Amino acid sequence: MTRVANAVRPRLAQAADAVRPRLARATAAAKPRVTRIARAAKPQVARITRPKTWQYTAGAATAGLALAAGVVSAAGPWDSTGQRTAERDRAVAQERTGGADHDGSSGTAGGAPRPAPSAASVLIGLGGATNSVRTAPTGPVLADVLTPLLKDAALGARRTAAVVDVATGKRLYGTGADEALTPASTTKIATAVAALSALGADHRLTTRAALEPDTNELVLVGGGDPTLTAHQDAEGWASLRTLADDTAAALKKRGISEVTLSYDTTLYAGPELHPIGVNDNLAPVTALMADEARTDDSASGPAVRVPDPAADATRKFADLLKDYGIKTTSPGPSKATGRAESLAAVSSPPLSALVERMLTNSDNDIAEALARQTAVATGKRADFGGAGQAIGAQLKTLGLAVSGADFKDGSGLNRDDRLTAGLLTSLLAKAGDPTHPELRAALTGLPVAGFTGTLTSRYADGAAGIVRAKTGTLTGVNTLAGTVVDQDGRLLAFAFLASNTTDPAAAQAALDRTATALAACGCR
C-alpha cells in the first residue's frame with residue numbers, strides 16, 4: 001500500500017496544480033454574477049421570505065468551486081498504509097472497533113479500526129453533522145427548492161426523492177420516497193453496506209495455490225478476488241506473478257518440476273453469466289479471474305471479456321510458472337481436497353478499498369463479487385439469487401427497512417432490481433453513523449463531483465467538490481444518490497430516482513441541477 005501512497009501523491013499534486021487556475025477563473029467569473037443576483041434581489045427581500053430555486057443553484061457555483069480547491073489541495077496526508085491519517089485518528093479517538101475477518105486471512109490486527117481513505121469534504125461533512133449547532137434544513141423550504149426541479153419533464157413519468165440529515169437520520173424531504181423503482185447502479189450502495197457489514201472493512205479475498213500430496217496436482221483455488229492481476233506493476237493489488245513466484249519456489253524446495261495443473265472455482269455456485277447475457281460491462285461471475293477477464297489493458301469501464309475467466313487466469317499462471325522451469329498440463333476444472341497443502345497465497349487489499357474502487361468506477365465485476373462474498377459469509381447460496389437474498393437480509397440486520405426492495409444482482413445491471421429513495425438515504429446515513437465505522441467506505445468511495453470516477457466530467461459549473469454521489473443509468477432509468485454538505489455545514493444524504501426517461505443527457509443534467517441546489521441550500 002506504500003506504493004499506492006507514493007503513486008497517488010504526485011497525481012494529487014498535479015491535479016491541484018492543474019485545477020487551481022480553472023477554479024480561480026471560474027470563481028472570479030461567478031462572484032460578479034452572484035453579486036448582481038444579490039443586488040437585484042435586495043428590493044424584494046421584504047416581500048420574499050424564501051429564496052428561489054435558481055438562487056440556490058447559482059450560489060452553489062461559487063461555494064462549490066471554493067471548496068473544490070480545498071478538496072484537491074488537502075487530499076492528504078497519507079499514512080504508511082495508504083489511509084488518510086485524519087480519518088484514522090478520528091475513528092480511533094471515538095474508540096470504535098473495526099469489522100471482523102471471517103477466515104483469518106486478512107493479516108490485520110484487532111483493536112483500532114481502519115476506515116477507508118476519505119477526502120477532506122467527507123471529514124468536513126461528518127464534523128458538521130455531529131458537532132454543528134446549526135439546525136438541519138426544514139422540510140417546507142426544501143420542498144420549495146427541490147420540488148420544482150424534480151418536476152422537470154426530462155425526469156420522465158415517474159420520479160422519487162428523499163433527503164435525510166445524516167447526524168440524526170431524520171428524513172427532511174420526500175416525494176414517493178417509499179416507492180420502489182429500478183435503481184440501476186445506485187444498487188452498489190446497498191451491496192457495499194451489506195458486504196462491509198457481513199465481512200468487515202479489513203476482510204481480504206485470498207487466491208492460493210494448493211498441492212495434492214499424492215498426485216502432484218497443483219490447484220489454483222479462486223477466492224473471489226476480481227482485482228487479482230496478471231500485470232507486473234500490481235500497485236498493491238494481488239498479483240498472479242507474485243503467486244507464481246512463491247509457488248515455484250515451494251515446488252522447487254520439494255524437488256517438483258512437473259505438475260498437473262487445475263483450477264477450483266467452487267466457492268461460487270450457479271450460472272456465471274448474468275441475465276443480461278454476454279456484455280462488455282461485466283465478465284462471467286466466477287471465483288477465479290485475472291484483471292476482470294478484460295482482453296485489453298483497461299482497468300475500468302466496458303471492455304470485451306474472455307468467455308472463461310478461470311481457465312484464462314490459470315493459463316496465465318502456467319505461463320508464469322514456465323519461466324521457472326515448472327512444466328504444467330493444460331489446465332482444467334477441479335476441487336482442492338482437504339488434504340491439499342497450500343504452497344502460496346496472495347490477498348486483495350482490504351474490503352474497504354475494494355468497495356471504494358467499486359463505487360468510484362461503478363465497477364460491476366467487483367459489485368457481483370461482493371454480493372457473492374456476502375452470501376458466502378452469511379450462509380446463503382453463492383449465486384445471483386442467493387447473493388440478492390443475502391444483501392436484503394444483511395440490511396435487515398442493520399435495522400434498515402427493506403420493504404419493497406428486491407435485489408436480483410449486486411451491480412444494478414438487472415432491470416428487475418428495486419430500491420426506494422428512502423432506503424438509499426438510510427443506507428448512506430447508516431454509513432455515516434459513528435457507531436458503524438466499518439461502513440465508512442460506502443461514503444468515502446462515492447465519486448467526487450468534478451473530480452473522480454463517474455462524476456469527473458459533471459458539475460463543472462456547479463457543486464464541484466461538494467456533491468459526492470453514485471450515478472445510475474440504464475435505458476429509461478436515471479438515478480443519483482449520495483451526500484452533500486449544505487451551506488450551514490450539515491451533511492445531508494439524498495437519493496433521486498427517475499424512470500421512463502427518454503433523454504439520458506437531459507435527465508442527468510436535471511438530477512445534477514437538483515443536487516447542486518441542495519448543496520447551496522441553507523433552507524431554514
Side-chain angles (χ1 to χ4, degrees), residues 64 119 121-122 149-150 152 154-156 158-163 181-193 279-282 300-302 355-368 409-415 417-421 423-425 427-428 431 441-484 492-519:
S121 59
V122 172
L149 292 168
L150 290 168
D152 193 317
L155 295 179
R158 302 173 68 191
R159 72 292 302 268
T160 65
V163 177
L181 297 180
T182 304
S185 276
T186 56
T187 299
K188 293 182 176 72
I189 296 173
T191 302
V193 170
N279 191 290
D280 290 352
N281 288 296
L282 178 67
S300 63
V355 164
E356 288 196 324
R357 176 169 163 174
M358 172 188 71
L359 292 173
T360 299
N361 295 333
S362 197
D363 193 304
N364 298 304
D365 299 282
I366 297 178
E368 295 303 345
D409 63 7
S411 63
L413 287 173
N414 196 317
R415 301 184 67 85
D417 287 329
R418 293 292 183 270
L419 270 175
T420 67
L423 177 55
L424 282 168
T425 50
L427 287 164
L428 294 164
L443 291 183
T444 60
L446 295 172
V448 181
F451 287 97
T452 63
T454 54
L455 290 185
T456 300
S457 60
R458 292 168 65 167
Y459 297 90
D461 59 351
I466 298 180
V467 171
R468 300 177 64 100
K470 181 71 201 72
T471 58
T473 307
L474 293 171
T475 302
V477 174
N478 291 86
T479 60
L480 189 70
T483 63
V484 64
L492 308 178
F494 67 87
F496 308 135
L497 285 74
S499 288
N500 301 322
T501 58
T502 57
D503 184 338
Q508 173 181 295
L511 294 177
D512 289 350
R513 284 192 295 272
T514 307
T516 296
L518 188 59

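Computed from a predicted structure; not experimentally measured.
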Any luck finding a side-chain donor-acceptor pair between K470 and S362 under 3.5 Å? yes
When rounded to the nearest 0.5 angstrom, what is the spacing between CD1 in I366 and OG in S411? 12.0 Å
Short question: side chain of D409, backbone of L413 - any donor-acceptor pair under 3.5 Å? yes
Taking the side chain as everything from C-beta on, heavy atoms only, tell me whether L455 gets closer than 4.5 Å to R458. yes
Can you tell me if T501 uses its side chain to pair, donor with acceptor, with the backbone of P504 under 3.5 Å? no
So, taking the atom named OG1 in T182 and the one named CG in N414, what distance separates them when rounded to the nearest 0.5 Å? 9.0 Å
Distance-only donor-acceptor check, side chains K188 and T191, under 3.5 Å: no
Listed by chain and number, what are the salt bridge (charged side-chain N to carboxylate O under 4.0 Å, His left out) partners of D417, not counting sequence neighbours? none
Partners meeting salt bridge (charged side-chain N to carboxylate O under 4.0 Å, His left out) with D363 (sequence neighbours left out): none
Check: L155 and L150 side chains under 4.5 Å, non-hydrogen atoms: yes
Nearest heavy-atom contact between G412 and L474 is O-CD1, 3.7 Å
Does the side chain of R159 come under 3.5 Å of the side chain of S499 through a donor N or O and an acceptor N or O? no
Between F496 and A161, what is the shortest heavy-atom contact and its length? CD2-CB, 3.6 Å
L419 and T187, any side-chain heavy atoms less than 4.5 Å apart: yes
Under 3.5 Å, is there a donor-acceptor pair between the side chain of R418 and the main chain of R415? yes
Can you name the nearest heavy-atom pair linking A154 to A507, along with the distance? O-CB, 3.4 Å
Exercise: identify the closest heavy-atom pair between P183 and L497: CA-CD2, 4.3 Å
L511 and N478: CA distance, side-chain angles, deciding distance, side chain to side chain contact (heavy atoms under 4.5 Å, CB included) verdict: CA-CA 8 Å; L511 294 177; N478 291 86; 4.0 Å; yes
Examine distances only and state if a side-chain atom of T454 and a backbone atom of T471 form a donor-acceptor pair shorter than 3.5 Å. no
Test applied, side chain to side chain contact (heavy atoms under 4.5 Å, CB included); reference residue, L518; option that passes from V484, L149, I466, V467: V484
Do D512 and Y459 make a side-chain contact, defined as non-hydrogen atoms from C-beta onward lying under 4.5 Å apart? yes
State, to 0.1 Å, how close L359 and A442 come at their nearest heavy-atom pair, and which atoms those are. CD1-O, 3.7 Å
Does any part of the side chain of T456, heavy atoms only, come nearer than 4.5 Å to the side chain of F451, both counted from C-beta? no
How about E356 and T444: does a side-chain donor come under 3.5 Å of a side-chain acceptor? yes
Spell out, as yes or no, whether a donor-acceptor pair under 3.5 Å connects the side chain of N500 to the backbone of G156. no
Test item: I189 and L428 side chains (from C-beta on) under 4.5 Å apart, heavy atoms: yes
Pairwise distance OG(S300) to CE(M358) - rounded to 0.5 angstrom: 14.5 Å
L424 versus A481, closest heavy-atom pair with distance: CD1-CB, 4.3 Å
Among residues at least two apart in sequence or on other chains, which ones pass salt bridge (charged side-chain N to carboxylate O under 4.0 Å, His left out) with R158? E179
